[in-house]
K.L.:
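Okay, here's the structure, questions in a sec.
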Amino acid sequence: MFDIKWIRNNAEAFDGAMSRRKGEFARSVDLLNIDDRRRDIITRLNDAQEKRNALSKQIGQAKAQKDEAKAAALMAEVAQLKEIIPAAEAEERLVEEELHAALAVLPNLVFDDVPQGTDESDNVEYFGRNGTAETVASDRARKPEFSFAPREHFDVGVAKRGMDFEEAAKISGSRFVVLKGEVARLERALGQFMLDIHTLEHGYTEVQPPLLVRDEALFGTNQLPKFEEDLFFAGHGEGRLALIPTAEVPLTNLVRDAILTEGELPLRFAALTPCFRSEAGSAGRDTRGMLRQHQFNKVEMVSITTPDGSLDEHERMLGCAEAVLKKLGLHYRVMDLCTGDIGFGAKRTYDLEVWLPGQDTYREISSVSICGDFQARRMNAQYRPSGAEKVKGGLPFVHTLNGSGTAVGRCLIAVLENYQQEDGSVAIPAALQPYMGGLTSIGGDH
RNA sequence: GGAGAGGUGGCAGAGUGGCCGAAUGCACCGCACUCGAAAUGCGGCAUGGGGGUGACUCCAUCGGGGGUUCGAAUCCCUCCCUCUCCGCCA
């Protein structure tokens with residue numbers, strides 16, 4: 001959400017940066033035109049209100065002096081304002097709404113050095129601030145080698161028994177899955193494993209948030225008003241609640257309408273939750289297997305920082321997500337999303353793409369985004385600088401970041417495909433074995 | 001689900017139609033006192049918006065929205081939220 005004043009003062013920069021985004025968006029002249037009308041009506045309204053307030057005060061004084069004749073005369077004078085003011089107020093409300101609606105559908109401006117592009121094929125591999133392809137290669141697991149043709153996750157022996165799409169369809173339709181037995185346990189183990197890493201090693205506070213959220217929360221994290229069709233809603237009397245598409249929504253909105261102190265920043269929250277997405281618009285894509293489901297588990301990280309701290313926090317958060325894949329020995333790459341692929345609220349996004357040997361390709365398993373003050377403005381989340389000197393122009397907004405650490409369902413896929421054996425069993429990565437009751441392999445006894 | 005109470009500035013807490021954008025206390029900031037600190041004294045201290053080069057000035061905001069009134073923190077309606085008791089329930 002943009003500050004119209006900022007657009008007024010930075011019209012060229014705004015238009016230039018916005019034009020890098022995929023899609024058509026309002027130009028600064030159009031927005032400033034609305035704002036001009038808004039300010040004009042405000043000026044007129046203020047004048048009328050000032051007059052009314054002054055006259056009302058005089059009426060009070062006249063009545064106190066028992067001068068009823070004077071009071072009556074003043075009341076007659078103020079009577080005409082009774083028509084002007086409500087009309088002006090209605091007009092102001094309309095133009096405020098118009099401006100708000102126009103601003104609410106504008107995506108965030110990306111950083112200057114975000115790669116230009118039209119779709120995911122223009123994303124650029126990222127090797128870290130000081131990294132290279134070589135430093136990164138030595139730091140990560142390599143692609144596994146197979147003496148047989150690796151299968152896709154749903155064809156791996158153990159998954160054929162523990163992953164049932166037809167049963168799920170009977171109950172809930174397409175894009176759902178029933179996990180059973182060792183596969184279900186593996187899913188659970190992965191979630192616990194990831195959450196423990198972030199809370200015990202990375203300083204995130206574990207949170208169990210509501211999974212049903214209000215429209216205001218969705219507005220704060222940009223799902224509304226533009227992406228309503230991606231959501232599931234639960235009816236509740238007159239109102240409605242949305243099933244969270246990601247824990248980013250409740251975790252980030254923890255600081256909605258809050259005034260934090262600089263000393264308590266950064267705040268770091270992590271949660272393991274189911275996520276619900278309608279996947280409208282992706283009909284026919286990834287229909288086999290559990291890559292793209294209406295419901296999936298995900299560990300989400302959210303950081304709330306000062307403006308000065310957000311860039312470093314972004315790199316740090318990326319490292320937190322990478323740590324999961326490193327510990328699991330999964331091969332992956334990091335992509336710096338181009339302007340055509342980056343999400344609505346982000347100034348920069350790193351995607352972690354894990355190697356899936358069964359598909360012979362990389363697939364997104366985590367997305368780590370820095371949003372600047374974009375969401376903070378929508379949520380009205382500010383902080384009080386510790387300098388304590390009076391801040392000109394109001395309190396500053398916090399910066400928000402979010403990242404998956406990681407998608408549990410997709411990580412399950414990655415483990416199944418990368419650790420599959422020729423006999424259909426799946427080896428359990430060492431780091432995960434404590435979470436599997438010490439098992440070193442599943443599906444081996446069939 | 002039934003009955004009741006309540007939402008006021010960073011916090012606590014007064015305020016039932018004009019003298020209230022709001023007492024008082026705490027916290028915070030500045031100054032004085034002090035070698036320094038504490039204590040004490042004095043002063044400052046909500047947010048958003050409009051106009052003005054500026055000193056400044058005006059408007060709005062007492063949970064959100066609407067209404068009554070010349071005038072609303074205060075009266076009415078409605079929504080949201082919190083708390084207490086009863087009922088039901090995991």
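To find a chain, count down the sequence lines: A is the first, B the second, and so on, and within it residues start at 1.
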K.L.:
Check whether any side-chain nitrogen or oxygen of A:Asn53 sits under 4.0 Å from OP1 or OP2 of B:rA60, and answer yes or no.
P.N.:
yes
K.L.:
Phosphate oxygens OP1/OP2 of B:rC81: is one of them under 4.0 Å from a side-chain N or O of A:Arg214?
P.N.:
yes
K.L.:
If the P atom of B:rU61 is compared with that of B:rA72, how far apart are they to the nearest Å?
P.N.:
8 Å
K.L.:
Please measure how far the P atom in B:rC11 lies from the corresponding atom in B:rG63, and state the result in whole Å.
P.N.:
13 Å
K.L.:
Between A:Lys5 and B:rG50, is there a side-chain N or O to OP1/OP2 distance below 4.0 Å?
P.N.:
yes
K.L.:
Hey, is the side chain of A:Lys82 poking within less than 4.0 Å of OP1 or OP2 on B:rG71, counting only N and O atoms?
P.N.:
yes
K.L.:
For the residue pair A:Phe232 and A:Phe276, is the inter-centroid distance of their aromatic rings smaller than 6.0 Å?
P.N.:
no
K.L.:
Give me the distance, rounded to whole Å, that separates B:rA73 from B:rG9 when you measure between the C1' atoms they each carry.
P.N.:
13 Å
K.L.:
Aromatic rings A:Trp6 and A:Phe14: how do their planes relate, parallel, tilted or perpendicular, breaks at 30° and 60°?
P.N.:
perpendicular
K.L.:
Return the value, rounded to whole Å, for the distance between atom CD1 of A:Ile84 and atom P of B:rC59.
P.N.:
16 Å
K.L.:
On the nucleotide B:rG66, are OP1 or OP2 found under 4.0 Å from the side-chain N or O atoms that A:Arg93 carries?
P.N.:
yes
K.L.:
For A:Ile59, report the nucleic acid contact type (base, sugar-phosphate, nothing); a contact means any heavy atom under 4.0 Å.
P.N.:
base
K.L.:
Measuring to OP1 and OP2 of B:rG49, would you say a side-chain N or O of A:Arg39 lies under 4.0 angstrom away?
P.N.:
no
K.L.:
Are A:Glu313 and A:Ser310 linked by a side-chain donor-acceptor pair shorter than 3.5 Å?
P.N.:
no
K.L.:
State whether a side-chain donor-acceptor pair under 3.5 Å links A:Glu300 with A:Ser404.
P.N.:
no
K.L.:
Among B:rG18, B:rA60, B:rG49, which nucleotide sits nearest the side chain of A:Gln49?
P.N.:
B:rA60
K.L.:
With sugar-phosphate meaning primed atoms plus P, OP1 and OP2, does A:Lys51 contact a base, only sugar-phosphate, or nothing at under 4.0 Å between heavy atoms?
P.N.:
nothing
K.L.:
Determine the Euclidean distance between corresponding P atoms of B:rG87 and B:rA12; express it in Å to zero decimal places.
P.N.:
32 Å
